[in-house]
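Notes follow the structure.
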Amino acid sequence: MQATTIGIMTPDRAALVDLIDRHRPGWSLEQAFYVDPAIFEFERELWFPRQWSLVAHASEVAEKGRYIVRQLFGEEIIVVRFGDAEEEVAAYYNVCTHRGSRLCTKDGRGRLLVCPYHAWSYRLTGELQTRQEVPDNVDPEALGLHRVPTRCVGGLVICGLEEASLPDVQPLVDALDGALRDTGIDHARIAARKSYPTKANWKLVLENFFECYHCQPSHPEYFRVNAHEPWTTLASGPEGLDKVKYGFSRRSIFGGRKTQSNDGQPVSCLMGGRSAYDGSETAFSLGRLSFVYAVSDHVTLFQMIPRSATETDVIVTWLVDRDADADIDTDPITWMWDVTTVQDKKLVEDNASGVASTAYRPGPYTAREGDSSFFVQTYLADMRSLITGERTGAPAWQSPIKDCGLQHGEAAEAV
Amino acid sequence: MQATTIGIMTPDRAALVDLIDRHRPGWSLEQAFYVDPAIFEFERELWFPRQWSLVAHASEVAEKGRYIVRQLFGEEIIVVRFGDAEEEVAAYYNVCTHRGSRLCTKDGRGRLLVCPYHAWSYRLTGELQTRQEVPDNVDPEALGLHRVPTRCVGGLVICGLEEASLPDVQPLVDALDGALRDTGIDHARIAARKSYPTKANWKLVLENFFECYHCQPSHPEYFRVNAHEPWTTLASGPEGLDKVKYGFSRRSIFGGRKTQSNDGQPVSCLMGGRSAYDGSETAFSLGRLSFVYAVSDHVTLFQMIPRSATETDVIVTWLVDRDADADIDTDPITWMWDVTTVQDKKLVEDNASGVASTAYRPGPYTAREGDSSFFVQTYLADMRSLITGERTGAPAWQSPIKDCGLQHGEAAEAV
Amino acid sequence: MQATTIGIMTPDRAALVDLIDRHRPGWSLEQAFYVDPAIFEFERELWFPRQWSLVAHASEVAEKGRYIVRQLFGEEIIVVRFGDAEEEVAAYYNVCTHRGSRLCTKDGRGRLLVCPYHAWSYRLTGELQTRQEVPDNVDPEALGLHRVPTRCVGGLVICGLEEASLPDVQPLVDALDGALRDTGIDHARIAARKSYPTKANWKLVLENFFECYHCQPSHPEYFRVNAHEPWTTLASGPEGLDKVKYGFSRRSIFGGRKTQSNDGQPVSCLMGGRSAYDGSETAFSLGRLSFVYAVSDHVTLFQMIPRSATETDVIVTWLVDRDADADIDTDPITWMWDVTTVQDKKLVEDNASGVASTAYRPGPYTAREGDSSFFVQTYLADMRSLITGERTGAPAWQSPIKDCGLQHGEAAEAV
């Protein structure tokens, strides 16, 4: 990480630790955590570089030389397939090492990555190809692209900002790869994608996603289909700053529906080698900011991308089997999560608006918001460790009373 | 007031006091007072919480359960009628005490105020109605809405941000309630409302409003109707940081006009039990940021709402008698103040633009700008007292030569 | 310069000097120089006030009393002709000395400059004309307009922010006046003008302008017409903080073209008393931010106007002889530089986008970017001197290998 220091105010670490220590477990965060750009800067420096995030579906870089431009915590990256083997996907910061220009301005395919400014070119594996123009006293080997740590898991591409800060991702891969493949994600294609730019801090977006207490009043469509059956946890990753977080759980769709459609009827062909619609939903969490929901005939991917202290992009991608009809009607596929995410965007933005008032005070989480409360505690513990250097261990999860599965997003987080 | 402190620069109180002490009486303010967000923060912390402001006409909350969402110094508040008696109006910060969401997203009516997020509900008197979900160790009595001090006066609703900081409003109520009722405000309805968002510091908006030196060159329509007759002060509140400011004065409309219309002819039915068009204009100031102008057949309300160091909302509301025709033509009613406020918005924005130049230096107020000059001095005296804790007394008003009443807004301020 | 100091963070001069001293000659700048508002503030305070810039063509203030409103480093200025002699042009900050309003809101003509707010008026030579309203204890002689240093050179008007900080402009006038007149600029009129607001630091705009290494990959139209012939330097100003910078050079247009049009054919009548199309291009630099390119039948003016750390306006003006047809087709005249500047805007904005990444590191300039590299070194030397007060002398220019004139903008800079 490179910091701009001229004239930037010194962030007050002691004040932040005080603010963390003032937190009452079971209550929402102090206002500053939801609005203060200085805390976002701390997160950008300390917390985001430790997170693995979903950045693409493997079909987006299907052939060798195919590259795509994507966002990762406000950084623009290039994801590129450099070889034919499934794992041969790499990612780079979208920055030319010559004069710093964006290297790729849109998705494409080629044998080389060529900068539009002065035509410097790079191999798909990141090394500088251009040699003749490089000054004599400069080592061209030192001018390769800046790499973004990348792994493939079950048909998905995940990345993190910094090799040195990231936890080992292998436990996540070991735990989820097979289960993700079972859903058919590795044999899927993208049916639809939609972005929901949300004027709210990313933690408000997650707190909303981690509880379904609000589903009955606010999500009639979602509530018609879900949220009446309990989740069964099948695997879950450890808490703790230095460990990669993951989750895997399953529940029945409500009312005997075959899939999560309005009428319960199929919306696409079966995925993952299934022979029948099984009426269940499988949830995965990949790190703390990416979520996957799979039913028999489609899969929904969620990416939460913090942009600033008060802006978060939520990107939702719907997958179907790659052999589904090319002209399949996507409206029934996107219906539930689109209507629900539009509602959540409004709820979270109203939450952000209220939280910005001088009258806002932390409020109590109810029993039905246990996962939101736990997330907040875990986040604070992480931040405290990162600032002070003390590793105090992850907070212990104390399950609130879970009545009848009124949670939606949290399934993927539950332990 | 709750302050976000992580990484926010320490405001330099000593530098501000120096800047105040550098002011030459009779000259406009140093640039920083018109552009610096840090000074706006001081005002937000120290000066705004001491001000009573007009927030609504009583007809906007006519029946029990009716609530409206309004702005007060950048805070969103809910004004609600909780009982049938005229005084039974309350206001709350628009913040749910559960997770901080906006509680009301638009005006409405109900027995309870219900949060759209998790359906927590509140009584019209502010107490939390929802009980069953509140965690056992939390006192629901402590989760009532955050109150906004509110008073009704002569058919108007006025509010202030903080009980502890506000001056006693009773002298204003005693002085103005009867006179406001005499104009018929308490028997009126809203005919029109218009917002004039102005890209300028709120003090530039007030300095413009407090003098009519600019009327002849800049307001031909206003000048045709007004500004040739002197004001008679009928009542005026004391100066001083700890006292509520008010004013009440009267003058004749120019040229024998019955009312402030383009042709001088009536634009609506008579108000306030009048039996004839009296050809006079009555002006009121309620606090430092709200103004009322009443003529025989309509009333104009002004709300000046500071939004940031360089943004101020001016909201103008036109009232007519509640028994006036439902389909009354409002164009002749709004004509004078609309055309004038559009002109003032442009003048003040051009003023703000010039003041932001490095070439700006404080300039001398002329004799015809005495109220603007006095406002500036009073403001500085207030700010100095608030920062240093010293109460030095209000500046003495030294009337400039008032030739022929070329002032418009200042009538309500004159002592 | 007047600074707003309340709550503004103290700029860290030592950190800036460290950052300057870390620079490796021949490499692009550290990120902070391209993105940090605090460094832009340093530039605004220290560097911009030392620069002369092109602000108008003389034809824009052709008759006595004609005035125009223009931008100079984010300041709005009024340029006005106060007399009939060619040199009788003055400029003022667009700020009324009464209450600080913008004085002129648009271009116009008059015997006086009259403020729209309170009708204070000023003579064309800047003195306050209004006297009767000025308070008795105020000297009206001290209320003249704030002057902007102004010179006319060869039909162009150049200005700088501050008399005290500007270098003596006479060497530039002596060196360029005749040559500019030879091109016919003093007998020209404006055929077209276009603004290219560019979301990039002004130094990225200049670095782009000072090299033509990118012309072959990025400017096919420009490259078809130019960039194959070497420049001949005819005059060039000294480097150094306290000296005015200028340049004057010439080259042939490519492929026997008569002028810089798509087909090489004339686009307007001959300028500057020429008797034939000479197939050459003459380049001038006036200070560090203004450039002139003249061919036989038209002239192109460039103004680079820094607006913020990440915004720069590029204004391009095309001149033709004042006797050219009034309804001349301007498309062939503007073609080359318009298509090229649109391309450069995109290139520079992509450069700015990449430079803002945490992955950006300074990269090596190639031999073909010698003028960009030299500009950067000169800039750093200037800034270091201005901050520390040490005058260390200008960096020595070491010409990189110039193969075949692949530069475009830098011609005007070359020594």
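Bear in mind the structure is a predicted one, so any value in this text is a computation, not a measurement. Residue numbering restarts at 1 for every chain, and letters A, B, ... go by the order of the sequence lines. Below, all heavy atoms of this structure are taken into account, side chains as well, without hydrogens, waters or symmetry copies.
Counting non-hydrogen atoms of neighbouring residues, nucleotides and ligands closer than 6.0 angstrom, the CZ atom of B/R109 exceeds 12 such neighbours.
Looking at every heavy atom in both residues, A/P364 comes nearest to B/V138 through CB-CG2, 3.9 Å.
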A/N351 vs B/R102, test: side chain to side chain contact (heavy atoms under 4.5 Å, CB included). Steps then yes/no. CA-CA 6 Å; A/N351 195 0; B/R102 285 172 86 201; over 6 Å; no
Apply salt bridge (Lys or Arg N to Asp or Glu O under 4.0 Å) to residues A/E369 and B/R99 and explain how you reach the verdict. CA-CA 11 Å; A/E369 298 163 295; B/R99 293 258 297 278; 2.6 Å; yes
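Checking B/E133 against A/T366 by side-chain atom types alone, no donor-acceptor pair falls below 3.5 Å.
For A/R24, the side-chain contact (heavy atoms from CB on, under 4.5 Å) partners are A/W27, not counting sequence neighbours.
Atom OG of A/S357 is separated from atom CD of B/E76 by 9.0 Å, given to the nearest 0.5 angstrom. A distance of 12.5 Å separates CD of A/Q216 from NE2 of B/H118, quoted to the nearest 0.5 Å. Taking OG1 from B/T97 and OH from A/Y360, the interatomic distance works out to 11.0 Å, rounded to the nearest 0.5 Å. In this structure, CH2 on B/W120 lies 15.5 Å from NE2 on A/H214, to the nearest 0.5 angstrom. To the nearest 0.5 Å, the span separating CZ on B/R44 from OG1 on A/T358 amounts to 7.0 Å.
Put simply, the residue from B/S101, B/C115, B/C104 that forms a side-chain contact (heavy atoms from CB on, under 4.5 Å) with A/D350 is B/S101.
With a 4.5 angstrom heavy-atom cutoff, A/E207 touches chain B via backbone and side-chain atoms both. Only the side chain of B/L143 comes within less than 4.5 Å of a heavy atom in chain A; its backbone stays farther off. Contacts between A/Y365 and chain B at a heavy-atom distance below 4.5 Å involve backbone atoms as well as side-chain atoms.
Distance alone, capped at 3.5 Å, is enough to place a donor-acceptor pair between the A/S218 side chain and the B/Y117 backbone.
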